[in-house]
Each structure stands twice: as structure tokens, then as C-alpha cells.
**Student:** 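Below is a structure I'd like to ask you about.
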Amino acid sequence: MYQYFLMVLFAITGVSLASSVKIVRQGDEALVEIFGKYDRKKLEPGLTFLIPFVETVAYKQTLREQILNLPPQQCTTRDRLAITVDFIVYWRIIDLEKASYKVQNLKEAMLNMLILSIRTHIATLALEELYTARNEINNALVEELDTTTDPWGVKFTRVELRDFAIGSKVIQPTSIDRKEVQKLRA
């Protein structure tokens, strides 16, 4: 009977010691909660030992740049043309504490904010301006989104307009053919 008790005790001790060892990879960061409360303890890259059953890793994220998958968006220009725009968005977490505790679903919140900003900005431009103002659109969106998402600890590094479509015709925003624009308006 005594032997079974010791075996169970060693098994529990071994499992708790194994669960207290945490490895954080380079480029990642983790937040530790003590009895469910965050007490400003962050795990930097490397090996760390936590107190079993007391400390737990609540959030673990990469601080490297990531791509936000944004489906093509239907927008309306200032001259009331319906277009579909395709953007590629790069972002990264600069403060994991804010990103984890200031917003419930970070990626969904960023996606909604991005869609709203894109539609609002495209609505202020005429179709001809989409051809020539590509860099201005990208820079304005990055600036606006950085200001909006700063309380969430997120930084948008790049927002790039890849292409846009009017109806079923995909148009690369590199050159302008005024006759073609007039045909599309008719």
C-alpha cells in the first residue's frame, strides 16, 4: 500500500515539474497569470520555470510581422462606381499585454477596422484617382489604422493596394487609359 502511494506521489510530482517548464521561441512572448490574475510577468525567449498550479501561461503570441488575410472588398467611389479592391496587409504586435487584455478578439477587430477604413477612404476618391494615388492610399490607411489600433498594442507596417476590379475586369493601378474609364462610366 505504501509503495502505491509513493508511485502516485512521484507521478504527480513528475507531471507538475514537467508542466512547469516553459520554452518561449525567439520572436515570441508569453504572459503569465498567477491564479488567473495578470501581474505583469512576461516570458522572454528561452527556458523558464513556473510554479506548478499557481502560474500559467495565459497568452503566447509572436511579435514578428504577420499577414492579415483580407478578402476582396466591394466599395463605391466618389463618382458612384462600384469597384472591388484587393489589399494585402502586414501588421505586428508591439505590446502583447494590450493586444491580449484591451480587445477580446484582436484579429476580428483589426479586420473590421480595416474594412471600414478602406471603404471610407475609397469613397472619397474618384476612379481616376485610384490609378494615380496608390501610394497616398496606402500611406493614409497605414497612418489611420496605426492611430486607431494603438490602444490594442498593434502596429500596421504596410497596407498595399494590389489591384481593383470594375465589374469582372481586373485593373492593375499602374497606368490610366481615359477612354477606358469613360466607357466604364457609361
Side-chain angles (χ1 to χ4, degrees), residues 24-31 38 42 57-186:
V24 178
R25 297 176 54 192
Q26 187 68 34
D28 293 352
E29 192 174 74
L31 301 179
Y38 177 65
K42 293 182 182 180
V57 174
Y59 296 98
K60 184 176 180 183
Q61 286 286 336
T62 184
L63 301 180
R64 294 172 283 219
E65 191 171 66
Q66 302 175 55
I67 296 174
L68 186 62
N69 293 325
L70 180 69
Q73 295 299 309
Q74 296 288 330
C75 301
T76 304
T77 62
R78 183 178 67 208
D79 44 359
R80 293 188 181 95
L81 284 174
I83 63 170
T84 303
V85 291
D86 189 16
F87 281 89
I88 187 165
V89 180
Y90 297 91
W91 66 283
R92 68 184 193 92
I93 294 175
I94 55 174
D95 187 347
L96 184 59
E97 180 182 347
K98 287 180 181 178
S100 301
Y101 293 112
K102 296 290 183 178
V103 62
Q104 186 169 358
N105 188 338
L106 179 63
K107 286 189 180 181
E108 186 178 332
M110 287 190 322
L111 190 62
N112 288 333
M113 194 59 62
L114 181 62
I115 290 169
L116 179 67
S117 296
I118 287 172
R119 288 181 178 167
T120 302
H121 199 75
I122 296 295
T124 64
L125 301 171
L127 183 63
E128 288 93 8
E129 294 171 323
L130 284 176
Y131 288 100
T132 59
R134 182 177 180 184
N135 286 334
E136 289 82 13
I137 294 168
N138 297 340
N139 293 336
L141 285 171
V142 167
E143 220 174 276
E144 181 182 339
L145 291 166
D146 270 347
T147 305
T148 305
T149 60
D150 184 51
W152 301 340
V154 172
K155 170 131 181 74
F156 281 86
T157 55
R158 287 183 303 238
V159 176
E160 295 288 332
L161 173 61
R162 288 196 281 194
D163 54 55
F164 63 93
I166 302 171
S168 63
K169 183 172 180 172
V170 176
I171 300 168
Q172 297 290 335
T174 54
S175 64
I176 185 167
D177 184 3
R178 297 214 183 265
K179 290 178 184 176
E180 195 170 311
V181 170
Q182 295 301 328
K183 285 181 198 175
L184 292 172
R185 284 193 175 166

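This chain uses plain numbering: 1 for the first residue, then up along the sequence.
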**Student:** Hey, are the side chains of L31 and Y101 touching, using non-hydrogen atoms and a 4.5 Å cut-off?
**Tutor:**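 A side-chain contact under 4.5 Å exists here.
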**Student:** Run the side-chain contact (heavy atoms from CB on, under 4.5 Å) test against E143 and tell me which residues pass, sequence neighbours left out.
**Tutor:**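 side-chain contact (heavy atoms from CB on, under 4.5 Å) check on E143 returns nothing, list empty.
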**Student:** For the residue pair L106 and I93, establish whether any side-chain heavy-atom pair is separated by less than 4.5 Å.
**Tutor:**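 Result yes, sub-4.5 Å side-chain heavy-atom pair found.
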**Student:** Does atom CZ (R119) have a neighbourhood of more than 12 heavy atoms from anything else shown, all under 6.0 Å?
**Tutor:**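 Check passes, neighbour count above 12.
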**Student:** Is there a side-chain contact between F164 and R134 in this structure, where contact means two heavy atoms from C-beta onward sitting under 4.5 Å apart?
**Tutor:**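 Heavy-atom side-chain distance check fails, nothing below 4.5 Å.
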**Student:** Of all heavy-atom pairs between R78 and A126, which one has the smallest distance, and what is that distance?
**Tutor:**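 Result for this residue pair: NH2-CB, 3.5 Å.
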**Student:** What is the distance from atom CG of L68 to atom CZ of R92, rounded to the nearest 0.5 Å?
**Tutor:**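 Result: 15.5 Å between the selected atoms.
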**Student:** Residues in salt bridge (Lys or Arg N to Asp or Glu O under 4.0 Å) with D150, at least two apart?
**Tutor:**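 Counting only residues at least two positions away or on another chain, D150 forms no salt bridge (Lys or Arg N to Asp or Glu O under 4.0 Å).
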**Student:** Could you grab the distance from atom NE2 of H121 to atom CD of E144, nearest 0.5 Å is fine?
**Tutor:**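 If I round to the nearest 0.5 Å, the distance is 8.0 Å.
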**Student:** To the nearest 0.5 Å, what is the distance between CG (D86) and CG (L161)?
**Tutor:**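 Reported value, rounded in 0.5 Å steps: 8.0 Å.
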**Student:** Just by distance, do the side chain of T120 and the backbone of S117 share a donor-acceptor pair under 3.5 Å?
**Tutor:**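 Pair absent, no side-chain N/O of T120 close to backbone of S117.
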**Student:** Within the structure provided, determine whether V89 and L145 are in side-chain contact (heavy-atom separation under 4.5 Å).
**Tutor:**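 Side chain of V89 against side chain of L145, heavy atoms only: no contact under 4.5 Å found.
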**Student:** I need the Y59 OH to E97 CD distance, nearest 0.5 Å.
**Tutor:**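 Rounded to the nearest 0.5 Å, the OH-CD separation comes to 11.5 Å.
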**Student:** Counting heavy atoms not belonging to R64, are there more than 12 under 6.0 Å from its CZ?
**Tutor:**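 Yes, because the 6.0 Å sphere around CZ of R64 holds more than 12 heavy atoms from other groups.
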**Student:** Which atom pair, heavy atoms only, marks the closest approach of T62 to G27?
**Tutor:**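 That would be OG1-O, 3.4 Å.
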**Student:** Heavy-atom distance under 4.5 Å between the side chains of K155 and D146, does that happen here?
**Tutor:**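 Touching, per the 4.5 Å side-chain cut-off.
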**Student:** Look up atom CD1 in I118 and atom CG in L116, then write down how far apart they are to the nearest 0.5 Å.
**Tutor:**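 Here the rounded value is 10.0 Å.
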**Student:** What are the two closest non-hydrogen atoms of V57 and A30, and how far apart are they?
**Tutor:**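 Looks like CG1-CB, 3.9 Å.
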**Student:** More than 12 foreign heavy atoms under 6.0 Å from NZ of K60: is that the case here?
**Tutor:**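 Buried by this count: over 12 neighbours within 6.0 Å.
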**Student:** In the structure I gave you, are the side-chain heavy atoms of M113 and F156 within less than 4.5 Å of one another anywhere?
**Tutor:**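 Of all side-chain heavy-atom pairs linking F156 with M113, none is under 4.5 Å.
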**Student:** Is there side-chain contact between I83 and L130, with at least one heavy-atom pair below 4.5 Å?
**Tutor:**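 Yes, side chains in contact.
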**Student:** Minimum heavy-atom separation for F87 and R162, please, with both atom names.
**Tutor:**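 Heavy atoms only, the tightest pair is O-NH2, 4.1 Å.
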**Student:** What's the spacing between L141 CG and L114 CG if we round to 0.5 Å?
**Tutor:**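 Reported value, rounded in 0.5 Å steps: 7.0 Å.
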**Student:** Would you say that R158 contacts E65 through its side chain, given a criterion of any heavy-atom pair below 4.5 Å between the two side chains?
**Tutor:**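 A side-chain contact under 4.5 Å exists here.
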**Student:** Does any N or O in the side chain of D28 come within less than 3.5 Å of the main-chain N or O of V24, such that one atom is a donor and the other an acceptor?
**Tutor:**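 Between the backbone of V24 and the side chain of D28 there is no qualifying donor-acceptor contact (under 3.5 Å).
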**Student:** Just wondering, more than 12 heavy atoms not from K107 lying within 6.0 Å of its NZ?
**Tutor:**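 Open.
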